[in-house]
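All chains are named by letter (A, B, ...) in the order of the sequence lines, taking the proteins before the strands, and each is independently numbered beginning at 1.
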Amino acid sequence: MKFWSQYFIPTLKESPADAEIASHRLLIRAGLVRKLGGGLYTYLPLGLRVMQRISQICREEMEKAGAIELQMPHVHPAELWQQGPRWAAAREIMFRADHAGAGKRAGADPEFVLGPTHEEIITPLVKNEITSYRDLPKNFFQIATKFRNEIRPRFGLMRAREFVMKDAYSFDVDEAGARKNYLAMKSAYERFFARVGLKTVVVEADTGVMGGSDSHEFMVPAEIGDDDVVYGEKSGYAANREKATSGLVPAGFVPPAPGEAVAEFPTPGVTTIAGLEAAPYGVSAGSQFKTLVYVGDGKLFLVILRGCDELEEAKLGKLGFTLFRPATAEEIAPVLGAKPGSLGAVRGTIAKRDGLAGIFADQAIRLVASGTTGANRDGFHLKNVHPARDLDITSFGDFRRVREGEPDPRTGEPLKIARAIEVGHVFFLGTKYSEKFGAVYTDDQKQARPMVMGCYGIGISRSMQACIEQSHDADGIRWPWAVAPFQVLICLLDPGVEESAGWAKRLAEAAERAGASVLVDDRAERPGVKFKDADLIGIPLRITIGGRGLKEGIVELKWRSHSQVEKLPLAEAEARVAAAVAQPQA
RNA sequence: CGGGGUGUAGCUUAGCCUGGUAGAGCGCCUGGUUUGGGACCAGGAGGUCGCAGGUUCAAAUCCUGUCGCCCCGACCA
């Protein structure tokens with residue numbers, strides 16, 4: 001039992017100017033966190049309590065699923081990351097943790113980094129400690145602070161530079177075992193989110209910088225999310241937009257036959273899709289081929305899309321480059337022979353074809369029978385271009401961004417798109433890390449084999465904010481029972497009156513005996529202030545004790561999520577409070 | 001990093017265009033009256049106007065630079 005007057009809950013009437021979304025405002029107004037700097041927050045007592053509750057639920061579900069808790073360092077020798085498979089890709093977001101007097105040149109690699117995640121730490125550990133198939137499978141987890149120098153921290157805890165995450169890493173003897181672990185984690189996640197009261201949607205996801213092959217994300221649908229989820233209402237198809245495909249090109253599609261031969265025509269000053277659409281050319285965007293130039297691991301490559309389509313950059317990840325970025329005009333001209341705006345991939349028109357690592361075409365261009373594209377000669381384009389006949393394509397793939405309304409890949413129904421917050425992510429990693437770090441075991445045939453891994457994250461601090469985003473009203477937060485900082489708030493309107501204080505104590509003890517945590521608002525404030533604060537901090541069950549009620553022989557019981565007030569006769573009050581705690585309505 | 005915005009008391013902000021005494025509300029302190037949905041009265045404390053330079057007799061206000069923060073895009077739990 002805590003007394004408000006002895007505790008620390010700095011609530012605010014007005015929300016700070018730098019908080020824009022509801023959950024961020026409430027996080028601050030309800031006294032859960034305070035900002036130190038961009039993406040850096042202090043968890044105040046109330047916020048910390050919520051974090052601890054979420055963590056505890058997470059811990060329980062992990063352990064039920066057979067995972068073992070440990071704790072790894074936050075400071076990592078940079079060397080380990082340099083040995084790993086993603087140093088180049090991950091160093092951008094890593095904080096350097098050089099110690100003073102390291103005497104490093106500017107720009108030199110850091111000696112230490114702050115851990116953004118822990119594959120590079122757990123894998124060497126397991127390599128050293130586990131060598132036999134008899135000791136596998138194992139699944140280790142920790143709940144710890146992560147450090148990522150996010151390019152743009154935002155929305156409070158939603159995307160922070162320092163945040164709390166549960167991360168788990170599974171090690172198996174083979175793929176079948178790893179799949180089993182993957183599914184075990186996936187269902188543990190479902191139980192976890194159900195318990196914390198977060199409604200999530202599971203979607204197929206891109207693996208991003210993490211690497212790996214299979215991946216699902218747990219999303220909380222919310223307007224303010226920074227992911228787009230593509231889904232079919234009937235089919236059950238749901239995928240992150242970065243990964244989503246549509247049935248634009250049906251299975252068994254037969255490309256149209258080629259027509260007239262390719263012909264060049266002058267297009268002075270026209271360097272955009274829109275420019276070619278306009279008079280006098282009148283070429284629809286859908287029958288243009290857009291040629292994008294990227295640099296992958298130091299070499300140029302081309303991506304061909306229909307003029308009406310947009311590149312989904314994340315899909316370039318499957319091409320296998322460690323690092324890629326759009327090429328600059330200076331890099332393009334010598335290889336293609338023209339400036340951006342006149343580029344194309346028609347066979348024989350590329351100045352230095354061997355200067356390209358490949359030409360990758362989105363499969364949707366196969367829908368085009370006769371297209372128009374740049375001639376690799378400034379001021380000229382080519383028409384009557386047939387994808388298969390004329391373009392010098394290395395391979396076809398899915399690179400375009402899905403748009404709302406396109407057909408579901410399974411059922412053909414129009415796809416929908418909604419914003420969502422990613423709160424959990426499971427990856428099937430395979431042997432990418434174990435091979436790199438030599439995490440091998442000896443099987444029963446005395447053969448050395450790489451362990452098959454999976455990794456699994458839950459954003460603990462982000463989940464806290466997602467709870468608020470999903471459960472609040474105009475007056476404040478409405479905490480789900482399981483994660484509320486306190487479950488019962490006793491609003492003691494006359495803390496100085498002995499009879500009132502006595503009832504507060506008795507009812508608080510009754511609630512605690514029934515298993516609830518209790519906060520007593522014993523401040524010398526007017527009732528209005530207490531009620532407003534009660535709604536703001538969102539404790540699920542409120543018991544009001546005041547002179548008016550006591551005169552009537554009652555105390556009041558009210559759920560934060562309902563508007564009705566129940567009057568409890570004093571004689572029944574303790575039992576009724578205990579009964580309410582046993583059957584929470586939140 | 002690109003684009004947009006913004007920095008004035010613990011919080012929300014007015015003043016800036018058109019240079020000349022920094023002002024309000026909330027919160028805080030003291031006293032009093034109040035006491036079931038953010039009370040009222042009286043008094044009080046609290047501000048290097050983000051920082052640095054410049055223009056000027058004079059800069060919160062104009063100019064330059066810089067830093068922080070917020071929003072939109074790429075990154076992610």
Selected nucleotide, minimal atom distance to A:F155 side chain, candidates B:C70, B:C76, B:C72: B:C72
Just call it for A:R29: base, sugar-phosphate, or nothing, with non-hydrogen atoms closer than 4.0 Å on any strand. base
Are side-chain N/O atoms of A:T117 and A:E119 paired as donor and acceptor at under 3.5 Å? yes
Look at the side chain of A:E14 against the base of B:G25 and say whether a donor-acceptor pair falls under 3.5 Å; ignore hydrogens and angles. yes
Sequence neighbours left out, what passes ring-ring contact (aromatic ring centres under 6.0 Å, His included) with A:F486? Give chain and number order. A:Y7
Look only at the side chain of A:R49 and the backbone of A:P485, and say whether a donor-acceptor pair between them is shorter than 3.5 Å. yes
By the 4.0 Å heavy-atom rule, please label A:M219 as base, sugar-phosphate, or nothing. nothing
Remember a base hit wins even if backbone is also touched, and classify A:A160 as base, sugar-phosphate or nothing at under 4.0 Å, heavy atoms. base
To the nearest Å, how far apart are A:D228 CG and B:A74 P? 9 Å
Nearest to the A:R526 side chain among B:A77, B:U35, B:G36, which nucleotide is it? B:U35
When the P atoms of B:C67 and B:A22 are considered, how many whole Å apart are they? 31 Å
Which part of the nucleic acid, if any, lies within reach of A:D167 when heavy atoms closer than 4.0 Å are counted: base, sugar-phosphate only, or nothing? nothing
Assess whether one donor atom and one acceptor atom, taken from the side chain of A:R152 and the base of B:C76, lie less than 3.5 Å apart. no
What is the separation between atom CD1 on A:I28 and atom C1' on B:U12, rounded to the nearest whole Å? 13 Å
Mind checking A:E217 for me? I need base, sugar-phosphate or nothing, with any heavy atom below 4.0 Å counting as a touch. nothing
A:W81 vs A:H76 aromatic rings, parallel, tilted or perpendicular, using cut-offs 30° and 60°? parallel
A:L492 atom CG is separated from B:U35 atom P, nearest whole Å, by 18 Å
Heavy atoms only, 4.0 Å cut-off, all strands: where does A:K35 land among base, sugar-phosphate and nothing? sugar-phosphate
A:D167 vs A:K146, salt bridge (Lys or Arg N to Asp or Glu O under 4.0 Å): CA-CA, chis, key distance, verdict: CA-CA 10 Å; A:D167 49 325; A:K146 304 289 181 198; 2.7 Å; yes
For A:D535, report the nucleic acid contact type (base, sugar-phosphate, nothing); a contact means any heavy atom under 4.0 Å. base
Give a yes/no verdict on base stacking between B:A77 and A:F163: centres under 5.5 Å, planes within less than 30° of parallel. yes
Residue A:E422, side-chain atoms from C-beta onward, closest of B:U13, B:G37, B:A77: B:A77
Pairs under 3.5 Å (N/O, protein and nucleotides 14-16 of chain B):
none

Mind checking who B:C76 pairs with, Watson-Crick or G-U wobble, both distances under 3.5 Å? none
Over 60° means perpendicular and under 30° means parallel, so classify the ring planes of A:H425 and A:F427, tilted if in between. parallel
Hey, does A:S15 reach any base, or is it just sugar-phosphate, or nothing, if we go heavy atoms under 4.0 Å? sugar-phosphate
Per atom distances to the A:D533 side chain, the nearest of B:U13, B:C76, B:G38 is B:G38
Any donor-acceptor N/O pair under 3.5 Å between B:G73 base and A:E313 side chain: no
A:E566 vs A:R576, test: salt bridge (Lys or Arg N to Asp or Glu O under 4.0 Å). Steps then yes/no. CA-CA 10 Å; A:E566 273 181 72; A:R576 296 275 297 270; 2.9 Å; yes
Measuring only the P atom in each nucleotide, how far is B:C76 from B:G68? A whole number of Å is fine. 24 Å
Check the phosphate of B:G73 against A:R154, side-chain N and O only, distance under 4.0 Å to OP1 or OP2. Yes or no? yes
Determine the contact category for A:G38: base if any of its heavy atoms lies under 4.0 Å from a base atom, sugar-phosphate if only primed atoms, P, OP1 or OP2 are that close, otherwise nothing. sugar-phosphate
Distance, rounded to the nearest Å, where A:E223 contributes CD and B:C71 contributes P: 16 Å
To the side chain of A:I151, which of B:C26, B:C76, B:A74 is closest? B:A74
Answer with base, sugar-phosphate or nothing: what part of the nucleic acid does A:Y189 contact at a heavy-atom distance below 4.0 Å? nothing
Separation of B:A77 P from A:M185 CE (nearest whole Å): 17 Å
Select base, sugar-phosphate, or nothing to describe what A:E556 touches, counting heavy atoms under 4.0 Å on all strands. base
Heavy-atom neighbours of A:K318 NZ exceed 12 at 6.0 Å: yes
Have a look at A:V423 and say if it touches a base, only the backbone sugar-phosphate, or nothing, with a 4.0 Å heavy-atom cut-off. sugar-phosphate
Under 4.0 Å between any heavy atoms, over every strand shown, what does A:R523 touch: base, sugar-phosphate, or nothing? Just pick one. nothing
Rounded to whole angstrom units, what separation is found between the CD1 atom of A:I54 and the C1' atom of B:A77? 13 Å
